[in-house]
Amino acid sequence: MRLTALDENAQAAGLKRGQGLAEARAICPGLVAIDEDSAADRRFLEALADWCDRYTPLVALEGQDGLFLDITGSAHLFGGEAALLSDVLHRMTGLGLAVRGAVSSTPGLSSAVARFGESRVIADSEIEAVLAPLPIAALRVGADVVQALAKVGLKQVGDLLEAPRAPLARRFGPHLLLRLDQATGLDEEAISPRLPVASLSAERRLAEPIQSEEDILSLAGQVAEALKPSLEARAAGGRMFELVLFRVDGKVFRLTAGASRPLRDGPRIARLFAERLTGVHDELDVGFGFEILRLNVLSHDAFDHAQGDFDGDGSRQQSLADFIDQVSARLGPECLKTYQLRESHIPERAVVAIEALHHSVSKPQRLPEAAPLGTASSAEKERPLRLFAHPEPLEAFAVEVPDGPPIRFRWRRLTHQVRRAEGPERLAAEWWLDGEGAPTRDYFRLEADNGQRFWVYRQGLYDQVANPRWFMHGIFA
């Protein structure tokens, strides 16, 4: 067992990272050692990344104990780069953390200075002067490369800046020069945010924290109204919203709510989160209150200005949309399902169930309705009210061959006598999915003597299969 992290007292006692625990106890008998919990450390780092979202939405994890913040375009909101860095370090120190940070034009340089230098803002004109005295490990290369460079007398970054590049690449590989170029700005390095960046965002910073649900919803409605001009400029409405609440002690809560049709109206957006807050009431610990409230538009669609009905208010569709939005916000988007048609003649593939929240209600699709037996042709393709996801086998008796329906069948241990029948409706297999040898289906609509109506099919033709199998695929009534 070895030491992976040290506090100030352990460092003052002469202990080092990577040192064996037995050796460390011999040097410092009163040493208190705690087992490393990598998962807990990761959760804590992600919580800090959420906290840093108050400065910029472009936050990325860097190793096991670092963060990258892309503050391009946001530094002026905090009084400049120096003021922003000072505010970050001051607030994190207040949270009980020992932190260092640096601001520069390259992620590699900021990481090197933050880990092996002093907190500061670095101008482009002093990049090489700042990098030169730092150790090679500041370039984020492996320990084996650092040791190999030390053996030939290259211990600082300045030694690499003065050395010929071709011999370095041949002996130590191109990765070393890539990291050097990224630190000096000769090569770009992208930062991948840990969370998707919202297309639109608005926030309110509060002088006094708020705690009550009414205050949160009222402020959410005001912030939503601030987003309306931006949505109108894009001729769009929001479909997925995220409410971010920053608690005064650093805890961040994220609540998402979707809409079944594009929204711009602030009160309606606030009502979505009223249901959402009701659903997570026990999990939302307001503590001493929230100091920042932000509303993000995660996705948006084109806003439909067409007249909804003869009256012009579209009251029926709006009522349905409100119902879907409120129920989905409170119970989850998977609680309501709707059906969407697909390009397939196989029944179980022709219609797919999707979340109603993600299906536009402005132009609903109507599914074919079943007609009485004998009144419609098989070309209309009537479908049952209930279609089984997996067809269930049944035993058919006294089948009229070669293409007739069963006169009697047993399904789920009950025997049914067929009084009326219609069919067959022949559906060939989709050979591009099922293969060329997939059997053909003959569907029949059957009415039993007790009035029940079934939709069954024979899998395979008699001239193709010796004993075709029968399946129950749906129930009409």
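Numbers for residues simply follow the sequence, beginning at 1.
- Minimum interatomic distance between V223 and A202 (heavy atoms only, all atoms of both residues): CG1-O, 3.3 Å.
- No donor-acceptor pair closer than 3.5 Å links the side chain of S104 to the backbone N or O of I122.
- Using modelled atom types, one side-chain atom of R100 and one backbone atom of A114 make a donor-acceptor pair closer than 3.5 Å.
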- Tell me, with the steps shown, if F290 and L284 meet side-chain contact (heavy atoms from CB on, under 4.5 Å). CA-CA 11 Å; F290 302 105; L284 187 64; 4.1 Å; yes
- Task: Any chance you could lay out the side-chain contact (heavy atoms from CB on, under 4.5 Å) test for R120 and V113, step after step, and finish with the verdict?
- Result: CA-CA 8 Å; R120 57 175 298 183; V113 176; 4.1 Å; yes
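- Salt-bridge annotation for R271 and D265: absent, with no side-chain N of the basic residue lying under 4.0 Å from a carboxylate O of the acidic one.
- With hydrogens and angles disregarded, no donor-acceptor distance shorter than 3.5 Å links the side chain of S344 to the backbone of R349.
- Remark: W432 CH2 is packed, more than 12 non-hydrogen atoms of other residues, nucleotides or ligands lying under 6.0 Å away.
- In this structure, R412 pairs ionically with E392, as a charged nitrogen and a carboxylate oxygen lie closer than 4.0 Å.
- The minimum heavy-atom distance linking A183 with I127 is given by the pair O-CG2, 3.9 Å.
- For the residue pair D215/S218, the side-chain donor-acceptor check at 3.5 Å is not satisfied.
- In terms of heavy atoms, L293 sits closest to A220 at CD2-CA, 4.1 Å.
- No more than 12 heavy atoms of other residues, nucleotides or ligands sit less than 6.0 Å from atom NZ of K16.
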- Query: For V252 and L245, what are the C-alpha separation, side-chain angles and deciding distance, and is it a side-chain contact (heavy atoms from CB on, under 4.5 Å)?
  - Reply: CA-CA 6 Å; V252 180; L245 302 172; over 6 Å; no
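- A 4.5 Å side-chain heavy-atom check between L160 and L149 finds at least one atom pair inside the cut-off.
- Between D65 and R42, no side-chain nitrogen of the basic residue sits less than 4.0 Å from a carboxylate oxygen of the acidic one, so the salt-bridge criterion is not met.
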- Could you check E81 against L85 for side-chain contact (heavy atoms from CB on, under 4.5 Å), going step by step and ending with a plain yes or no? CA-CA 6 Å; E81 297 174 349; L85 177 61; over 6 Å; no
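- Although no hydrogens or angles enter the test, the distance criterion places no donor-acceptor pair under 3.5 Å between the side chain of Q147 and the main chain of D144.
- The shortest distance between side-chain heavy atoms of R179 and E189 falls below 4.5 Å.
- In this structure, S110 contributes its side chain and P107 its backbone to no donor-acceptor pair below 3.5 Å.
- Among residues two or more places apart in sequence or in another chain, the ring pair (Phe, Tyr, Trp, His ring centres under 6.0 Å) test is passed with Y55 by W51, F78.
- A distance-only check finds no donor-acceptor pair linking the side chain of S201 to the backbone of N296 [under 3.5 Å].
- The main-chain N or O of G287 is found under 3.5 Å from a side-chain atom of D285 such that the two form a donor-acceptor pair.
- Looking at every heavy atom in both residues, L84 comes nearest to A75 through CD1-CA, 3.9 Å.
- Smallest separation of non-hydrogen atoms from A274 and E213: O-OE2, 4.2 Å.
- Counting only residues at least two apart or on different chains, no side-chain hydrogen bond (donor to acceptor under 3.5 Å, both in side chains) pair has a member in residues 152-161.
- Counting heavy atoms of neighbouring residues, nucleotides and ligands inside a 6.0 Å radius, atom CD of Q64 does not exceed 12 of them.
- Side chain to side chain, Q19 and R17 fail the donor-acceptor criterion of an N or O pair below 3.5 Å.
- Side-chain contact annotation: D70 with T56, donor-acceptor N/O pair under 3.5 Å absent.
- When atom types are taken as modelled, the side chain of R239 and the backbone of A259 share a donor-acceptor pair closer than 3.5 angstrom.
- Side chains of E203 and I292 form a contact here, defined as non-hydrogen atoms less than 4.5 Å apart.
- In this structure a side-chain-to-backbone donor-acceptor pair under 3.5 Å is present from R276 to T256.
- C52 is listed as a side-chain neighbour of L67, based on a closest heavy-atom distance under 4.5 Å.
- Shown are R205, R54, R247; of these, the side chain to side chain donor-acceptor pair (under 3.5 Å) with E291 is made only by R54.
- A donor-acceptor contact shorter than 3.5 Å links the side chain of T184 to the backbone of L180.
- More than 12 heavy-atom neighbours from other residues, nucleotides or ligands sit within 6.0 angstrom of CZ on R254.
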